[in-house]
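Worksheet: one structure, shown below.
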Amino acid sequence: METLEQPSDSLETRILTVETRHLSKSYGQFQAVQDISLEIEPGAIYGFIGPNGAGKTTTMRILATLLEPSQGEAWVCGLNINDRRVDNLVALRACIGYMPDFIGIYDKMTCYEYLEFFAAAYYIDSKRRTGLIKDLLQLVDLTDKKDTYIEGLSRGMTQRLALARTLIHDPKLLILDEPASGLDPRSRVELRELLKELSRMGKTIIISSHILTELTEMCSHVGIIERGALLTSGKVSEILGKLNRHLRVIKLLVRPVKPEKVSLLQTILSSGPGVKAARPLENNDQAPNQSEWELLVEGNETELQALLRYLVEKNIPLFSFSEQPTNLEEIFLQVTRGYVS
Amino acid sequence: MAGNILPQREPGSRLEILPRLISGGWQSLRYNPIIIKELRYRMRSWHGLVDLATFSLLLSIFGLIMYNFYQSSNRLYYLGNNAYNVYATGNQPPRSQELGSNYFIAIVVAQLFLACILAPSFSAPTIAGEKERQTYDVLLVTLLRPRDIIIGKLFSSLAYLMLVTIAGIPVASVAFLMGGLEPDQLVAAIVVMLVTGLVLGSIGIYWSSAMLRSTAASRNAFINILVLYFVLPLLLVYGLNILFQPYGVFELSVYAENDLKDTLMWISSINPMYAIVDTNEILKNRAGSNIIFFGNTPGEFLFTPASRFLFISSGIIIIYLWQAIRRVTPLRMESQKGPEAVKNKAGTSQPLG
């Protein structure tokens with residue numbers, strides 16, 4: 001039963017945070033973005049993947065109301081980006097937090113002043129600003145840098161400050177254009193954790209990158225773009241399901257067998273349903289009573305179930321059967337053709 | 001939906017009856033965070049101090065030269081066969097006061113000239129600097145309207161120009177020791193300086209919005225000011241004089257000659273230095289004149305060059321600021337588009353399902 005205190009998510013989920021229909025942008029003869037149609041659900045972390053010059057930034061700038069599409073329509077938080085009425089534009093921009101690929105900073109300005117300036121630019125009540133900025137600095141772990149000039153911050157800290165700026169008006173949608181570029185590994189991990197936290201807070205995040213490994217662990221949805229065209233878009237798992245020829249890597253832990261029986265085991269494993277290849281991995285010295293095998297399997301969940309059944313039926317001394325985390329890189333290579341615009 | 005969270009005018013407030021433009025401008029100034037940000041940056045960097053010191057130093061040197069020049073050249077004057085010392089005789093105070101008036105105008109002209117040189121460096125880097133620092137997009141996606149951005153940038157650069165001008169007051173105030181400065185002359189000088197600042201600022205802001213680099217914006221603004229204030233009036237006045245001089249290309253009647261003089265005055269009044277010098281001469285030499293109109297009879301009803309300058313400058317300011325606002329608008333509002341475009345876009349808002 002629906003209550004006022006806890007509204008059902010039926011209304012909330014019906015409105016997509018982002019929807020585009022046949023969105024295109026051209027500069028003279030050059031088609032930067034062509035016929036992009038995508039849907040992003042509330043709360044999703046949408047990874048926008050593509051090589052340099054694929055059209056990621058152009059699409060993001062259109063959604064951020066910085067560029068006018070040549071054709072097509074887009075809605076952000078239910079508001080049409082082609083509707084140029086002042087009220088609509090103001091409402092749109094209040095919904096969007098945009099962080100460009102290069103974080104420009106203002107000289108001779110402290111972190112607090114930087115955030116205060118943007119709070120004022122979003123017409124946040126001056127009485128609320130101090131508390132809000134304090135909370136944001138705490139969220140991005142920059143409390144002790146409050147009175148430091150921005151030019152004195154490291155790259156990672158500047159990225160986090162920019163993220164705090166993006167959140168200052170509590171937008172529903174965050175558009176982050178390659179936020180992790182140029183960061184060291186620690187800063188990347190910190191940023192990733194921060195984005196996951198924001199997703200838990202209910203923000204919808206569009207994040208672009210051409211470094212796929214950094215998106216692997218955090219994206220619920222992906223869109224792959226190449227030469228301005230969206231090749232595929234949707235949930236990571238759904239995309240995997242669509243890719244019939246997708247090869248999955250299965251890792252097996254089995255009891256070691258006698259050396260003369262290794263080839264027999266390999267034959268049995270290779271004969272499994274959907275198995276394209278089977279190979280033993282190097283023995284782990286710390287676990288001498290286990291041996292590792294890697295299977296390359298073609299197929300979806302049904303084939304994996306059949307394979308597991310097959311291994312049990314064949315009395316393989318199995319300790320563990322696990323699919324290796326799917327690498328977005330693998331999806332990307334399968335979907336794209338390797339064009340670089 | 002967030003709705004319009006921009007500051008709204010209070011219903012029934014007196015601003016309701018003011019023209020929309022003025023109230024909009026006031027709102028832009030009142031809630032504008034850019035002014036504080038820009039002034040904070042300018043006053044914290046060494047550029048601000050250096051610019052201020054350079055301006056004051058140059059003006060002081062010029063003031064010293066002018067003071068010595070006027071004092072030595074006017075100490076003795078001749079009337080008939082007699083030579084008089086203006087300071088010693090004590091019976092010719094108007095002459096001493098004339099020195100004060102001339103000195104003041106010379107300082108005002110020098111301030112205007114220095115402002116023409118310095119103003120592009122104050123206003124031209126404002127928006128182009130945002131583009132160079134790559135903070136421009138972030139600024140555009142805030143709720144600040146293009147008008148707010150332009151007004152914020154303009155008034156922050158003007159505030160600094162005003163500071164520099166105020167720093168020149170001690171040098172100009174030497175004139176008060178000599179006397180002879182009428183309130184009209186003082187008002188004309190202040191108004192012309194303020195409006196010149198606005199024109200220079202508007203030109204700088206326009207080029208700043210049009211260019212991607214601060215250096216290109218400063219260069220273009222400087223050339224623009226040079227052409228507008230010096231080259232264009234000189235060429236036009238020279239050309240008209242050549243065309244209409246006695247026995248020149250065209251023969252003119254007496255009435256046409258008066259019209260020509262009037263036209264030449266309009267053209268010359270583009271230049272604030274000419275406007276202030278000529279207005280000062282009129283105010284000094286024609287009893288009963290004032291800064292807006294002058295004339296000994298009701299039939300002779302002519303604007304002073306200062307008033308003409310204000311008219312021309314208003315047009316220049318409006319054109320440049322309007323163009324600047326258009327350039328910082330990433331997506332044009334409906335009101336700026338043609339009726340056909342508005343018609344096509346109507347009714348496209350729809351709930352998503």
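The structure presented is a predicted model; accordingly, all values stated were derived computationally and were not measured. The sequence lines fix the lettering, A, B, ..., with proteins before strands; numbering per chain opens at 1.
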Open item on the list: With a 4.5 angstrom heavy-atom cut-off, is it the side chain or the backbone of B/Glu130 that approaches chain A, or both, or neither?
Closed with: side chain

TODO: Go through the atoms of B/Ile34 and report whether side chain, backbone, both or neither lie under 4.5 Å from a heavy atom of chain A.
DONE: both

- [ ] Give the member of A/Ile105, A/Ile96, A/Ile103 that has the highest number of heavy-atom pairs under 4.5 Å with chain B.
- [x] A/Ile105

TODO: Could you tell me which of A/Met99, A/Arg61, A/Glu116 has the largest number of non-hydrogen atom pairs under 4.5 Å with chain B?
DONE: A/Arg61

Task: Proximal component of A/Tyr114, with respect to chain B [non-hydrogen, under 4.5 Å] - done: neither

State, without any angle test, whether [X] and [Y] hold a side-chain donor-acceptor pair at a distance under 3.5 Å.
X: B/Thr142; Y: A/Arg93; value: no
X: A/Asp177; Y: A/Ser208; value: yes
X: B/Tyr320; Y: B/Asn224; value: yes

- [ ] Find out whether the Lys NZ or Arg CZ of A/Lys25 is both under 6.0 angstrom from the six-membered ring centre of A/Tyr27 and within 45° of the ring's axis.
- [x] yes

Task: Side chain to side chain, A/Phe117 and A/Arg165, heavy atoms closer than 4.5 Å - done: no

